[in-house]
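Here's the structure, in C-alpha cells; my notes come after.
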Amino acid sequence: MKTTFALVDCNNFYVSCERVFSPHLDGRPVIVMSNNDGCVVSRSDEVKALGIGMGQPIYQVRDIIRQNNVALYSSNYTLYGDMSRRVMETLGQFTPDIEIYSIDEAFLDLGGMPAADYAVLGQRIQETVKQWTGIPVSVGIGTTKTLAKLANQLAKRFPRTGGVLDLTDSSRLPNALASTPVEKIWGVGPRFTRRLRRAGIRNGLQLHDADDRWIRHVRGVMGLRTVHELRGITCFALDESPPPRQGIAHTRTFSRRVTRLDELREAAAAYATRAAEKLRQQKMAAGVVTIFVMTNLFEAKPRRFFKTRTFELPTPSSDTTVLIHLATRGVEEVFREGYEYKKAGVLLNSLVPEEQAPRSLFDSENWVRSRTLMQVIDSLNARYPSGTVGFAAAGLERTWQAKFRLRSPRFTTCWEELPVVRAS
DNA sequence: TCTGGGGTCCTAGGACCC
DNA sequence: TCTGGGGTCCTAGGACCC
C-alpha cells in the first residue's frame, strides 16, 4: 500500500507566536532576532518583501528596519516552546501517527484516509490549528516526506492554494518539480547545489531524472535517498518515537568580549548548569564532558583562538556539581591570556539512561544524596522563577551574559506575565 | 561597535588486529 | 626498489536540517 504523508508547517512561526498576543502587529513587518539580538531568525511576509534575509545580521539592516517601522523582538523560547506544544497536541487530534520534526513542523501519516479527502482534510487541519492556537499553518501532502515538504513549500509560495496542496496526484508532479529550483529540495544543501548546477541540473525534475550512479558518487547514499523520494519511493519513514539524544549542548555567544579567566570560568559553570538540567529532564546521564572557548570567528587570524578539552567521567553523571567541576577545570586548562573570547560551550556525550548508569558499590550513598539534591533544585526552579536556586560558581552579576532587550512576556507559562484583557 | 544555537547522519582515514 | 589483504573500531570533519 502506498503511504501518504502530510507536512504541517507553521508559517513564520516565531513571528506568528508574537502576533497571537499582539494582534496590532498584523500587517506590520515583524522580525524575531537570535540570541543576543544578533541576527534575523524569523520574518513576517512583509519583512521578506523588504528583501531582508534569513540569518542576516541586524546591524546590516538597521536602515531598512527604521525606514519601514519594523517591529523587533528578542527570542522568547519559553513562549515558542509552549505554543509549539499546543500546535502539536492539536495535530494529535487528527492522527496518532505523528512525527514532531522540529519546533514548528510535524509529519502526519494519512495512510488510512481515502485519497479524495486529502485536500479537505488538510484544510480542516489548518482551520482547527488556527482556531485552537491562533497559529497559521501550511499543509503539504505527498507520497513521501520529501514530496510532502515540496508540496508544503508550493502551498506557501502560491496564495491561491490557500496554504494547502495535495501532490499525491502524480500528473501534477512533473510541473511541481520543474518549477522548483534544485536548492529548495529537502536534503539539497549549498554544496550539493553547486555540484548539481555544474552538471546542468537546475530544477527538481532534472534531479528526479538524474543518473543514480552519479548521484551516489557525488553525494553518497543520502543524496540517492533524496532522489528516490522525489520518484515516490519511501526512504524516510515516519519516526514517531525518535531515539534518545546522543548529545546535549549548551553554547552561547557573550554579550561582550571576555578576557578574564574568572569570567570564563563563571560562564562554563553556568552553561554546565543548564546542560545538566536538560540532561536530567531527559532522565539521562553523561559519560563525557567537553568544553570549548573561542574568540570571534570573524576576527583576523592572529587574534583567533579555539580550543576544546574533553573529560571522561569514571561513571556517567547528571549531577550539576560534578559537571561544573569538570567544565571549570577544562576552562582553566585551555585558557590562554591575551585573547578576547566571544563564545563558549559545554557539550555532554556518551549519554546513558540515568537508571542504567553504572555506579560504584562504594558510593551508592553519595549517589542517593546527589540525586535527592538535584531533584530538590529542579523542583524549586520549576515552581519559582527559573534560577531561584543556583550555584555560586556560575556567578551572580553575569555581565557577559547575552541580552534579550526586546523580549515579549511569557504569556502562556508565567503567572506574572499573563496577557491582560480589558473590556469596555 | 554589531554576525545564533542545537542537532543528525555519513564518510574517509588512521590505529590496530589477525 | 621492493614492501598483503582484510576486518573492526574510533574519530574528525563534511554536509545538511530547523
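Order of the sequence lines fixes the chain letters, A, B, ..., with proteins taken first and strands second; residue numbering starts at 1 for each chain. Both backbone and side-chain heavy atoms feed into the values below; hydrogens, waters and symmetry mates do not.
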Does NZ or CZ of A/Arg257 lie under 6.0 Å from the centre of the six-membered ring of A/Phe254, at an angle within 45° of the ring axis? no
In whole Å, measure the gap between the P atoms of C/dT3 and B/dC17 for me. 24 Å
Test item: [X] side-chain N/O and [Y] main-chain N/O as donor-acceptor pair under 3.5 Å:
{"X": "A/Thr320", "Y": "A/Thr273", "result": "no"}
{"X": "A/Asn381", "Y": "A/Val389", "result": "yes"}
{"X": "A/Arg172", "Y": "A/Leu167", "result": "no"}
{"X": "A/Arg407", "Y": "A/Ser74", "result": "no"}
{"X": "A/Glu417", "Y": "A/Arg410", "result": "yes"}

Identify, with sequence neighbours excluded, every residue that meets side chain to side chain contact (heavy atoms under 4.5 Å, CB included) alongside [X].
{"X": "A/Val376", "answer": "A/Leu380"}
{"X": "A/Asp97", "answer": "A/Thr95, A/Asp109, A/Leu238, A/Glu240"}
{"X": "A/Thr146", "answer": "A/Thr144, A/Ile185, A/Trp186, A/Glu229, A/Leu230, A/Phe236"}

How would you list all residue pairs meeting side chain to side chain donor-acceptor pair (under 3.5 Å) that involve residues 126-141 of chain A, not counting sequence neighbours? A/Asn11-A/Ser138
Which residue pairs satisfy the side chain to side chain donor-acceptor pair (under 3.5 Å) criterion with at least one member in residues 388-400 of chain A, sequence neighbours excluded? A/Arg256-A/Thr399, A/Glu266-A/Trp400
Nucleotides 8-15 of chain C: which of its N/O atoms have a protein N/O under 3.5 Å away?
from, atom 1, to, atom 2, distance (Å)
C/dA15, OP1, A/Arg191, NE, 3.0
C/dA15, OP1, A/Arg191, NH1, 3.1
C/dA15, OP1, A/Arg191, NH2, 3.2
C/dA15, OP2, A/Arg191, NH1, 2.3

Please confirm whether the shortest side-chain N or O distance from A/Lys342 to OP1 or OP2 of B/dT1 is below 4.0 Å. no
Residue-level proximity of residues 93-107 of chain A to DNA chain C when a heavy atom falls under 4.0 Å: A/Tyr101, A/Ser102, A/Asp104, A/Glu105
Using heavy atoms and a sub-4.0 Å distance, could you list which residues of residues 235-251 of chain A are near DNA chain B? By number, please. A/Arg245, A/Gln246, A/Gly247, A/Ile248, A/Ala249, A/His250, A/Thr251
Which residues within residues 261-293 of chain A lie with some heavy atom under 4.0 Å of an atom in DNA chain B? A/Lys278
Qualifying salt bridge (charged side-chain N to carboxylate O under 4.0 Å, His left out) pairs with a residue from residues 147-166 of chain A, counting only residues at least two apart or across chains: A/Asp9-A/Lys156, A/Glu105-A/Lys149
Once salt bridge (charged side-chain N to carboxylate O under 4.0 Å, His left out) is applied, what residue pairs with a partner in residues 61-77 of chain A remain, sequence neighbours excluded? A/Asp63-A/Arg66
When Watson-Crick pairs (N1 to N3 and N6-O4 or O6-N4) and G-U wobble pairs (N1-O2 and O6-N3) count only below 3.5 Å on both distances, what is the dot-bracket string of DNA chain B, with | for other-strand pairs? ....||||||||||||||
Tell me what A/Lys403 touches on the nucleic acid: a base, only sugar-phosphate, or nothing, going by heavy atoms under 4.0 Å. nothing
So how far is it from A/Leu326 CG to A/Thr321 OG1, rounded to the nearest 0.5 Å? 10.0 Å
